[in-house]
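Counting starts at 1 for both ligands and their atoms, in listed order.
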Amino acid sequence: MRNLIDIMDLSEAELQSLIEMAEDIIQNPTRYAQACHGKKLATLFFEPSTRTRLSFEAAMLELGGSVIGFSDAANSSSSKGESVADTARVVGCYADIIAMRHPKEGAPLVAARTAGVPVINAGDGGHSHPTQTLADLLTIWREKGGFENLTIGFCGDLKFGRTVHSLTAAMSRYAGVHFVFISPEELCIPEYVKSETLDPRGIPYEEVRDLERAIAGLDILYMTRVQKERFFNEADYIRLKDTYILTPEKLKSARADLCVMHPLPRVNEISVEVDDDPRACYFKQVMNGKYMRMALILKLLEVAV
Ligand code: CP
């Protein structure tokens, strides 16, 4: 039985196979419409979510399956003190597969040890968010035609932005990739990402403060929200939250084929005027996330279509 706790749980070949399956689902949705008939997905969301929870639920419904779960920990018995391990063991008696979001790093891994059914990490604290990475990879694949020889700029909260950590790990496996990390000093990319992922592979990267100077050299610009919920001090959040705002003016010096990405939700990091620019890909990411989650559910449930 397989889980998806970290994006590196999937080999390059498996990622490619998920992308090919997502492309097939996009082209032939009716072929998949009953693939999970009789199967149940449980969405256990101990933290707020719009895209991840609803796209998992839409994914299972479009595969002909059913969905149970909760979207607020306050409505679950965790509010009475039940552990993650016990919750997972119980829900594993009702559902065939679990998608879990939790504010504590490692909680989905703990759940996977007792659930008895596949567990998918739908975001754990500031650590990782592998299914957002699946959405990101399909977007890069569709926009750029592959993963090699790309210069990827991550901008904003690179400390707490779990989608940044997961996508950096995933993209570090491809030849010729170069990272530009654009952040204030206080929100820079964690040391462990450099020491565990980038340095051992000799992957080139830069850490810079100035988006305007970096933007011209990028193939992909991955904007991120400053993660208010991970700050201990509101004054620090207020001081840092508007450090970077992408505007049409700033995009003038970018390449014509730049791909602007953002995992969303957006607060103020991309002005709405950018939404009409053909380089804006963040709403395509949303749709791609549903197709990749459909492919992932089929893979983990070992459903052949
Ligand atoms: N990208 C993402 O994880 O969005 P939600 O928090 O709305 O699920």
Worked check of salt bridge (charged side-chain N to carboxylate O under 4.0 Å, His left out) between Glu185 and Arg209: CA-CA 8 Å; Glu185 178 76 35; Arg209 306 278 166 255; 2.9 Å; yes
So with a 6.0 Å cut-off around CZ of Arg266, is the heavy-atom count from everything else above 12? yes
Salt-bridge present (Asp86, Arg89; N to O < 4.0 Å): no
Nearest heavy atom to atom 3 (O) of ligand 1, choosing from Arg53, Glu47, Arg225, His129, belongs to His129
Which atoms of ligand 1 are found less than 4.0 Å from any heavy atom of Thr50? 5 (P), 7 (O), 8 (O)
Salt bridge flag under 4.0 Å for residues Asp124 and Arg162: no
Any luck finding a side-chain donor-acceptor pair between Asp6 and Ser128 under 3.5 Å? no
Nearest protein heavy-atom contact for atom 6 (O) of ligand 1: which residue, which atom, what distance? Arg101 NH1, 2.9 Å
Note the single closest protein heavy atom to atom 4 (O) of ligand 1, along with its residue, its atom name and the distance in Å. Arg51 NE, 3.0 Å
Where's the contact between Leu264 and ligand 1, heavy-atom distance under 4.0 Å: side chain, backbone, both or neither? backbone
